[in-house]
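Remarks on the structure that follows.
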Amino acid sequence: MKPQPSANPSILMEKLVSLCKRRGFIYQSSEIYGGWNGFWDYGPLGAELKRNLRDAWWKQVVHWREDVVGLDASIIMHPAIWKASGHVDTFNDPMHSCPACKKLTRADQILNIAQEQKWYSSLSQTLTKNGLDVPKLQKWLQREAQSQLPNLLAISGPEFSVEFAAKTIVTLAQQITPFDLLRLLACPPGENPNSVTPCPHCGAPLPPARPFNLMLRTHTGPIADDSNLTYLRPETAQAIFAQFKNVYDSSRVKVPFGIAQIGKAFRNEITPRNFTFRSREFEQMELEFFIRPDEATELLTGKLTHYSPELDLTEPQPDWAWDVWHHYWVRQRILFFQTLGLHEGQHLELYWQKPDELAHYAKATVDILFRFPFGTEELEGIAARGDFDLSQHQLHSGKSLEIFEEELKIKAASLPESDRQKFKDKVIQNWGNSGKSAEQAAAFCDKLFTGCYIPHVIEPSLGLDRLALAVLSAAYAEDTVPDAKGNPETRTVLRLHPSIAPIKCAVLPLLKNKPELVAEARRVFLLLRQHLVVEYDEAGAIGRRYRRQDEIGTPFCVTIDFDTIGENGREKKGTVTVRNRDTLKQERIPINQLVPYLLERIAIAPNQNS
RNA sequence: GCGGGUGUAGUUUAGUGGUAGAACUCCAGCCUUCCAAGCUGGCCGCGCGGGUUCGAUUCCCGCCACCCGCACCA
């Protein structure tokens, strides 16, 4: 899916970045030293905004559910965790940087990438059973290679290379791939073709691969050597898997249940870009929701319900298969975004990853994309990871990460032996279809009959910094309002959902030079401060103060005027005006009703299921 | 990491081989009876480091950052 930027995305981004700095939402890290790429600091308002988003997530994912508990793990963990998770291997990819076309290619992906290129199939046709079809190859060099592999050495000296290739191929074994042939065509005379790696994009010979370390490294202990190399976590999820057993044993949870965590993660991104969207230090809000393997569900309930669009996803059911749980969580996550004012269709898009895009561990992944000004990009990923992570940690740590369910054991024991065998045969057949051995399947079933299994997991993983950027860009608006003289004026306003606005309400005396107004305003301010994040402001004309609050997204302004202090009659005494950021309308409210009035309009309603 | 562009106050900008002006913002005071009013005063700047030069914000080099494109994003 290609990003669809809005009308003038860079202008909007510039305005947003500028507002974030001017008003104290987000600053560049280390700015007085020239800044530091990939790192950002949140100012007073940004810190409040982030805290509100964090709280909203924690509330809805942990506190408002009975089946999710929290965790707050260390950032630096045993390096073996990253070996087990696969990050040490996949995050330390050696890469080739092409000096000619400048493209960066993972060393272990060169062949795969080559096979996807246009030239690959046409080049393969020059290889016959008996070796090389030299005239065909010459033709290929003149046509296909000329445009698709312009930096191939054989193009500058075709005669020599073709002859050389033909001779070499005859002397080599019969199994020559098009890529081997390309090596020959990219090989300078006299050199060993096996030592040449041609760029799959342009044909130029590549220099040796260099390691790209995507994990940030440090050393634990005073001496910095390889023996105490440790990593700053590149994701928070692994801590949940590593502590799975402890949480399970200590918190009386039962499958299905989840463990949630919010925390910093670090990645050595090659190019951090787009403001805070891709940074090297970021905060994740992750949930690992553990469910039974489908086989356990089926054994226990005697049935297994797969997903269909008609299925009611409101309340979890015991017979749900993993794909229903996956859909359930996608829906839960959409409902979460709704409570913050981000809506599917308007701001968000769902993208179901295609089978060939899935990571090796994932059974299915949905990306929730947000329409950022610079393009439609991932905000949250919801992956069905099977038992990959817990199995890996069980394997590497040597500690059992299986859980035991009494009811499962009882259920299995209650079945006649023939039914158990039937069940086992079915599992063996199903697993066989996905390439697993009958022994594995049988061992799994035997464990299952004793009530033991490794839970599977659904993982909704959201970037807090991305969420902050998303709500800010969705909220940014410029509208036209009349000024004091009735002339139209452009107003910048952050239409943040009241629940996440950094300041909930500003308290303003209409005039600064009237002590009665100021005194009453201070009283109201101190009253509201006990319940809400409020700000007091008396500087400048009232209109200017409203605009200042508009720009930082404050949903309500309370103004203390002459009615409040009883100058215009008894019936209005003790009332204030509450000005609404979005409608610009004002309501008169008695001071003693202010707190409930505001709280009601700021809160997120629990269990919003629309 | 590569290529191109940019870097003067919080923001937008003017300008110069002899160290800089403006507008808006911000702060203080006066004034002000509801949407960036007015008056007075004030704070704040040549991204960093080196070189050339009597003297560099200006010229040169390096670095850093930002923007655009390429690539990358388990």
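Chain letters run A, B, ... following the sequence lines, proteins first, then strands; residues in each count from 1.
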With sequence neighbours excluded, residues passing salt bridge (charged side-chain N to carboxylate O under 4.0 Å, His left out) with [X]:
| X | result |
| --- | --- |
| A/Asp465 | A/Lys50 |
| A/Lys264 | A/Glu281 |
| A/Arg280 | none |
| A/Arg523 | A/Glu520 |

Problem set entry | Close side-chain approach of A/Leu379 and A/Phe337, heavy atoms under 4.5 Å | yes
Problem set entry | Pairs flagged by side-chain hydrogen bond (donor to acceptor under 3.5 Å, both in side chains) wherever residues 553-564 of chain A is involved - sequence neighbours left out | A/Tyr546-A/Thr559, A/Gln549-A/Thr554, A/Asp561-A/Thr564, A/Asp561-A/Arg588, A/Asp563-A/Asn568, A/Asp563-A/Arg588
Integer-rounded Å distance: [N] [atom2] and [X] [atom1]:
| X | N | atom1 | atom2 | answer |
| --- | --- | --- | --- | --- |
| A/Asn268 | B/rC72 | CG | P | 18 Å |
| A/Leu45 | B/rG10 | CG | P | 18 Å |
| A/Phe241 | B/rA74 | CZ | P | 17 Å |
| A/Arg588 | B/rC34 | CZ | P | 12 Å |
| A/Arg273 | B/rC68 | CZ | C1' | 7 Å |
| A/Gln586 | B/rU33 | CD | P | 16 Å |
| A/Asp41 | B/rA65 | CG | C1' | 14 Å |
| A/Arg280 | B/rA65 | CZ | C1' | 12 Å |

Problem set entry | Face-to-face contact A/Tyr33 to B/rC48 six-ring, under 5.5 Å, under 30° | no
Please give the distance between the [atom1] atoms of [N] and [M] as a whole number of Å.
| N | M | atom1 | answer |
| --- | --- | --- | --- |
| B/rC67 | B/rG47 | C1' | 16 Å |
| B/rG15 | B/rG51 | P | 30 Å |
| B/rG38 | B/rG45 | C1' | 28 Å |
| B/rA20 | B/rA9 | C1' | 11 Å |

For this session: Among residues two or more places apart or on two chains, list those pairs meeting ring pair (Phe, Tyr, Trp, His ring centres under 6.0 Å) that have a residue in residues 457-478 of chain A.
Result: none
For this session: Could you list by number each residue of residues 456-468 of chain A showing a heavy-atom separation from RNA chain B of less than 4.0 Å, or answer none if no residue does?
Result: none
Exercise. Any donor-acceptor pair under 3.5 Å joining the side chain of A/Arg579 to the base of B/rC35?
Worked result: yes
For this session: Kindly indicate whether the side chain of A/Tyr546 and the base of B/rC34 share any N or O donor-acceptor pair separated by less than 3.5 Å?
Result: yes
Problem set entry | Residue pairs fulfilling salt bridge (charged side-chain N to carboxylate O under 4.0 Å, His left out) with at least one residue in residues 532-543 of chain A, sequence neighbours excluded | A/Asp537-A/Arg548
N/O-N/O pairs, protein side and nucleotides 12-14 of chain B side, under 3.5 Å:
none

Taking OP1 and OP2 of [N], is either one under 4.0 Å from a side-chain nitrogen or oxygen of [X]?
| X | N | result |
| --- | --- | --- |
| A/Asn513 | B/rU32 | yes |
| A/Lys21 | B/rU11 | yes |
| A/Lys585 | B/rC35 | no |

For this session: Give a yes or no on whether a salt bridge exists between A/Asp550 and A/Arg581, defined as a side-chain N under 4.0 angstrom from a carboxylate O.
Result: no
Exercise. Using the ring of each side chain (for Trp, its six-membered ring), is A/Phe525 parallel, tilted or perpendicular to A/Tyr536, with breaks at 30° and 60°?
Worked result: tilted
For this session: Over 60° means perpendicular and under 30° means parallel, so classify the ring planes of A/Phe374 and A/Phe372, tilted if in between.
Result: parallel
Determine all donor-acceptor pairs shorter than 3.5 Å in which one atom belongs to a side chain in residues 17-28 of chain A; sequence neighbours excluded.
unit_1, atom_1, unit_2, atom_2, d
A/Lys21, NZ, A/Glu31, OE2, 3.3
A/Arg22, NH1, A/Glu551, OE1, 3.0
A/Arg22, NH1, A/Glu551, OE2, 3.0
A/Arg23, NE, A/Glu551, OE1, 2.5
A/Arg23, NH2, A/Glu551, OE1, 2.7

Problem set entry | Over all atoms of both residues, closest heavy-atom pair of A/Ser30 and A/Asp41 | N-OD2, 4.1 Å
Check the interface with nucleotides 49-51 of chain B: list each N/O to N/O pair with the protein under 3.5 Å, or write none.
none

Exercise. Any idea which of B/rC34, B/rU32, B/rC64 is nearest the A/Leu511 side chain?
Worked result: B/rU32
Problem set entry | Pairing nucleotide - B/rC46, Watson-Crick or G-U, each distance under 3.5 Å | none
Could you run down the sub-3.5 Å N/O contacts of the protein with nucleotides 23-26 of chain B?
unit_1, atom_1, unit_2, atom_2, d
B/rU25, OP1, A/Arg544, NH1, 3.3
B/rU25, OP1, A/Arg544, NH2, 3.2
B/rC26, OP1, A/Arg548, NH1, 2.8
B/rC26, OP2, A/Arg544, NH1, 2.8

Problem set entry | side chain to side chain donor-acceptor pair (under 3.5 Å), paired with A/Gln238, selected from A/Arg233, A/His87, A/His393 | A/His393
